[in-house]
Protein chains: 4
Amino acid sequence: MSQTTKSSPGRPRSTEVNQAILQATLDLLAEVGYQGLSIEAIAARAGVGKTTIYRRYHAKEELIAEAIDRNRPQLVIPDTGSLWADLEEVHKQAAEIDLSPLGRQTIAMIISLASTIPQFAEIYWKKYVIPRRKAASVIFERAKARGELSPEVDADLICDLMTGLLFKSILFQPETEQIESYMRRALDFLLQGVTSNSL
Amino acid sequence: MSQTTKSSPGRPRSTEVNQAILQATLDLLAEVGYQGLSIEAIAARAGVGKTTIYRRYHAKEELIAEAIDRNRPQLVIPDTGSLWADLEEVHKQAAEIDLSPLGRQTIAMIISLASTIPQFAEIYWKKYVIPRRKAASVIFERAKARGELSPEVDADLICDLMTGLLFKSILFQPETEQIESYMRRALDFLLQGVTSNSL
Amino acid sequence: MSQTTKSSPGRPRSTEVNQAILQATLDLLAEVGYQGLSIEAIAARAGVGKTTIYRRYHAKEELIAEAIDRNRPQLVIPDTGSLWADLEEVHKQAAEIDLSPLGRQTIAMIISLASTIPQFAEIYWKKYVIPRRKAASVIFERAKARGELSPEVDADLICDLMTGLLFKSILFQPETEQIESYMRRALDFLLQGVTSNSL
Amino acid sequence: MSQTTKSSPGRPRSTEVNQAILQATLDLLAEVGYQGLSIEAIAARAGVGKTTIYRRYHAKEELIAEAIDRNRPQLVIPDTGSLWADLEEVHKQAAEIDLSPLGRQTIAMIISLASTIPQFAEIYWKKYVIPRRKAASVIFERAKARGELSPEVDADLICDLMTGLLFKSILFQPETEQIESYMRRALDFLLQGVTSNSL
DNA sequence: ACGTAATCGAGACGGTACGTCCTGTCTTCCA
DNA sequence: TGGAAGACAGGACGTACCGTCTCGATTACGT
């Protein structure tokens, strides 16, 4: 048998198709939002058959979850030597991520589906809460080691308070700038009683 | 006195039907959530023709907005003479409202749609944020007058932090009891530095 | 005359309204046909409430029946002294009535509903068949009296054959002129064996 | 050689579904008539989604036309050697076809729609008139060849007269038996002057 | 002359069917 | 054997009319 064609017949386009689907999903999500998002539109945009999507994802939510999961930029934990500078940097990063057009849509959607689909709460927890709590934890540990912070301060609680406020602000206060200044004010308030600099 | 009851010709719209529609909407919202809510199901549940609903509301969102607007129970501002007792009472009420099946669904939906439909953000602001801020403000003023609280404390900020935390908890932590204890812990933390009882 | 005008109490029904309704019905029937005819459109066209129509007619068919009943022009039985001339005149009249735009729509509709609604078959029978059979009968009797026709000829049968042919032609052969000449040919054929002029 | 089987991509339309739809249409047509026929009911009866019907037929009329077109039983031209026997047989067949429940409904509908939808008149002409004229023509030719019939007799005209009478009777005279005897009487009358048996 | 009672227009009511759109599954053919 | 194309059953959408029902406002008649 004259073997001219190389390699086995299989799935050479598989990864390309993956990318196309996820990209189309994110694009449409940013354009029409979660409500107006249809699998059919995603398939058309990606130049792909519906079956190809359903073969990979059992439900629309799963697809979106994957798309978001792949897309979400990572938080970099800073280490400036100062508690305040570190926290400012972290919150700047978080705000940047969350306040972009896609970010707003994503958060709204995740929140919306969290109560319905446990899977989404999990994604949220894994992608949003854990990294931010981790960052807070690291930063606070360093500050405690430096004596900047009293040792019994609960980093998770402060982190959750800030995250909660951020979400609330994102959803109901459109002005990006106002959000940032409000966040800074909140941070001041939260830390005023627990930092040792008053001593 | 001149009676200026302006009445359009034709049969007037039935207030009983109004009620039936809104009630059915709330019932179904609590049962199947916003995603699973269909006008057809609402009409069937209310024993009403679809036309009757569409005559009143041009879109599903409009109907739901109205239903929520009419339904939301009012917050009663307590006056026990103690800041802590007042705040506990307010948060107990808020948690009761928000953690009921309908409350959870409502909040998830409002949040989800706030970024898409400005009208929803407005409803939320009017029905949720303002009353709570108002309550917080009154309670804090009384506490300041009693000398329980330093005068420069920002009631709105504390209220927003608590509300944000509550929302976050509602969406991602299913256990009602855990939420309540976590909320109490957060309140302790927020007030620890601003109350004058350490003096 | 002891027979006074029997009148029920209350406001009497407006005859103007009667006319407006029937006229609107005929107008719309000619315009959109039976299929596209709606009570609502009739009411709007007549400047009348739907109730006013339903008070008079229990169903759309009843209304249409009445409208047609009032409208249908009467057949005038000719008396020229000649069988052929009389028959030609009758068929000319019948064709004129049936081939007008309203006539075509009406016949199509009556025929269409005859099998469903007995009432319509009755109207048809009363308004179309009886007058034509009557005319044929009178004309044939005169011809028999004149010795033009053998006495045992069945006028009804010939009339029915001609009517059936006319309907078939109206429905499936659009050309008015062709219909008329074909009808004349049929008449020639039907009478060829029964008239005494060949003797 | 070169296979030119033009095949469009994607899943081909199911012929079983085709059949189910057309059969359900005919069944319901016989049961509830054209007026009471709904696409939704057809879909339900056929166990098929509405979309599947609309994909094939753009309008109710188109679907019905197709259903009738496929269904109409063929007329078998008899050859008994006798004009009378042949004609009796043909009319027996025609009456059987036309007087069945489905037949009555079908004719009523075709007639009703002929004036509105040209397509229907065409179907009627192709499916009803042509075969019957053909049969009449063949039978009459044989009779002429046998000397039973004078050569100048117009088979089409007689056929049309009989068909017209049949339609008229179907639509306005419910009794099947009466129709058959009336048809026989008409046939007697039409042939009395043209057959040579009196010679 | 005035109340009684049925009329009028307008339009809301519970329904049914429409034709469209999307879901998630399935078939068929192509590379 | 994976993938595009698209047919499939199902179900909700928002619209159009159906025939019935309330409204407030007009008429005529019979006291």
Side-chain angles (χ1 to χ4, degrees), chain A residues 5 8-14 16-17 36-41 43-44 46-60, chain B residues 5 7-14 16-18 20 36-44 46-60, chain C residues 5 7-14 16-17 36-44 46-60, chain D residues 5 7-14 16-17 36-44 46-60:
Chain A
T5 49
S8 59
R11 22 187 310 220
R13 298 191 54 192
S14 179
E16 290 171 31
V17 162
L37 199 59
S38 78
I39 294 278
E40 231 148 49
V48 142
K50 279 199 296 176
T51 321
T52 307
I53 294 178
Y54 282 112
R55 195 175 293 122
R56 288 163 166 72
Y57 311 100
H58 297 332
K60 189 163 79 168
Chain B
T5 41
S7 100
S8 57
R11 176 177 177 175
R13 295 195 182 160
S14 159
E16 292 171 25
V17 162
N18 281 345
L37 199 58
S38 77
I39 296 280
E40 231 148 49
I42 293 172
V48 143
K50 277 199 293 177
T51 319
T52 305
I53 295 179
Y54 284 113
R55 196 175 291 120
R56 290 164 164 72
Y57 310 100
H58 298 327
K60 192 162 77 168
Chain C
T5 44
S7 92
S8 57
R11 175 177 177 176
R13 293 190 184 164
S14 159
E16 291 171 27
V17 162
L37 200 59
S38 77
I39 295 278
E40 231 146 51
I42 293 171
V48 143
K50 280 199 294 177
T51 321
T52 307
I53 294 178
Y54 281 112
R55 194 177 292 119
R56 289 162 164 75
Y57 311 100
H58 297 331
K60 188 164 80 167
Chain D
T5 42
S7 96
S8 57
R11 176 176 176 176
R13 296 192 182 162
S14 160
E16 292 171 26
V17 162
L37 199 59
S38 79
I39 296 279
E40 230 148 49
I42 293 172
V48 143
K50 278 199 294 178
T51 319
T52 304
I53 296 179
Y54 284 113
R55 195 177 291 121
R56 290 165 165 73
Y57 310 100
H58 298 327
K60 190 162 78 167

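Residue numbers begin at 1 in each chain, while the letters A, B, ... track the order of the sequences.
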Using heavy-atom distances to pick each residue's nearest nucleotide on DNA chain F, tell me which of B:P9 and A:V48 is more 5'.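 In this pair, the answer is A:V48.
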Nearest-nucleotide wise, let me know which of C:P12 and D:R56 is further upstream toward the 5' end of DNA chain F.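 Closer to the 5' end of DNA chain F: D:R56.
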Side-chain touch C:Y54/C:H58, heavy atoms, less than 4.5 angstrom: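 The answer is no; the side chains never approach within 4.5 Å.
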Check whether any side-chain heavy atom of B:I39 sits under 4.5 Å from a side-chain heavy atom of B:Y57, and report yes or no.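 With C-beta onward as the side chain, the pair stays apart.
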Dump the intermediate steps for side chain to side chain contact (heavy atoms under 4.5 Å, CB included) on C:V17 and C:R56, then the final yes or no. CA-CA 11 Å; C:V17 162; C:R56 289 162 164 75; 3.8 Å; yes
Nearest-Å distance for atom pair [atom1]/[atom2], residues [X] and [N]:
X: B:R13; N: E:dC13; atom1: CZ; atom2: P; answer: 7 Å
X: C:E16; N: E:dC8; atom1: CD; atom2: C1'; answer: 12 Å
X: C:I53; N: E:dA10; atom1: CD1; atom2: P; answer: 12 Å

Tell me the closest heavy-atom pair linking A:G49 and A:A43, and the distance in Å.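 Smallest interatomic distance, heavy atoms only, reads C-CB, 4.3 Å.
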Would you give the length of the straight line joining atom CD1 of D:I42 to atom CG of D:L37, rounded to the nearest 0.5 angstrom?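 Taking CD1 in D:I42 and CG in D:L37, the distance rounds to 4.0 Å.
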Is there a side-chain contact between B:T52 and the phosphate of E:dG14, meaning an N or O under 4.0 Å from OP1 or OP2?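 For E:dG14, OP1/OP2 do have a side-chain N/O of B:T52 under 4.0 Å.
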So, does B:R55 get its side chain near the phosphate of E:dC13, meaning an N or O under 4.0 Å from OP1 or OP2?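 The answer is yes; a side-chain N or O of B:R55 sits under 4.0 Å from OP1 or OP2.
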Which is more 5' along DNA chain E, the nucleotide nearest B:A46 or the one nearest D:R11? Just name the residue.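 So the residue in question is B:A46.
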Can you name the atoms? Protein N/O to nucleotides 14-18 of chain F N/O, anything below 3.5 Å, with the distance.
| from | atom 1 | to | atom 2 | distance (Å) |
| --- | --- | --- | --- | --- |
| F:dG14 | OP2 | B:Y54 | OH | 2.4 |
| F:dG14 | O5' | B:Y54 | OH | 3.4 |
| F:dG14 | N7 | B:K50 | NZ | 2.9 |
| F:dG14 | O6 | B:K50 | NZ | 2.7 |
| F:dC18 | OP1 | C:I39 | N | 2.9 |
| F:dC18 | OP2 | C:I39 | N | 3.1 |
| F:dC18 | OP2 | C:E40 | N | 3.0 |

Can you list everything that forms a salt bridge (charged side-chain N to carboxylate O under 4.0 Å, His left out) with A:K60? Sequence neighbours excluded, please.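 Applying salt bridge (charged side-chain N to carboxylate O under 4.0 Å, His left out) to A:K60 gives none.
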